[in-house]
Amino acid sequence: MVKNSKKDNKSVKVVKQGGDGMFGFAYCISVIGAAVYFVQQSVGFGGFMLALLKALVWPAYVVYEVLGLLSI
């Protein structure tokens with residue numbers, strides 16, 4: 001979020017940055033763990049690239065399954 005504030009007739013730009021905190025850390029660690037798991041099962045360069053892609057998108061499948069279980 002960017003806010004402009006007037007102080008002593010000068011325009012000062014204030015930039016507020018937020019972080020993800022523990023959820024960002026947990027996601028990062030889980031992606032690294034998933035990458036290690038999928039890469040160990042991969043064969044060849046194509047399998048390696050697919051393993052990295054799977055490691056990035058697996059949370060979408062987890063959320064989909066959890067929401068599917070909740071709608072019963």
Side-chain angles (χ1 to χ4, degrees):
M1 175 169 42
V2 177
K3 283 173 42 176
N4 289 330
S5 63
K6 297 274 185 176
K7 189 175 185 180
D8 298 332
N9 294 328
K10 294 180 181 177
S11 180
V12 177
K13 212 179 244 191
V14 178
V15 178
K16 183 177 180 182
Q17 295 180 347
D20 292 331
M22 286 301 294
F23 292 114
F25 177 74
Y27 176 73
C28 180
I29 292 299
S30 62
V31 166
I32 291 171
V36 169
Y37 175 78
F38 288 127
V39 166
Q40 287 178 350
Q41 296 182 352
S42 67
V43 176
F45 182 73
F48 175 78
M49 296 305 289
L50 184 61
L52 293 180
L53 180 62
K54 284 181 182 180
L56 290 175
V57 299
W58 73 267
Y61 293 110
V62 172
V63 170
Y64 177 78
E65 292 297 325
V66 168
L67 291 177
L69 291 173
L70 291 176
S71 67
I72 292 176

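Worth knowing before you read on, the calculation uses all heavy atoms, side chains too, and leaves out hydrogens, waters and symmetry mates.
The distance from atom OH of Y27 to atom CG of L56, rounded to the nearest 0.5 Å, is 5.5 Å.
Put simply, M49 and V43 are part of two different groups of oily side chains (I, L, V, M, F, W, Y) that touch within less than 4.5 Å, one to the next. Hydrophobic clustering, with ILVMFWY side chains joined whenever heavy atoms are under 4.5 angstrom apart, groups V63 together with L70.
Residues V36 and Q40 form a side-chain contact, since some pair of their non-hydrogen atoms from C-beta on lies under 4.5 Å apart.
A35 approaches L52 most closely through the heavy-atom pair CB-CD2, 4.3 Å. For A51 against S42, the heavy-atom pair with the smallest separation is CB-CB, 4.3 Å. Of all non-hydrogen atoms in W58 and A34, the two that sit nearest each other are NE1-CB, 3.3 Å.
Looking at residues two or more places apart in sequence or on another chain, you find a side chain to side chain contact (heavy atoms under 4.5 Å, CB included) between Y37 and Q41.
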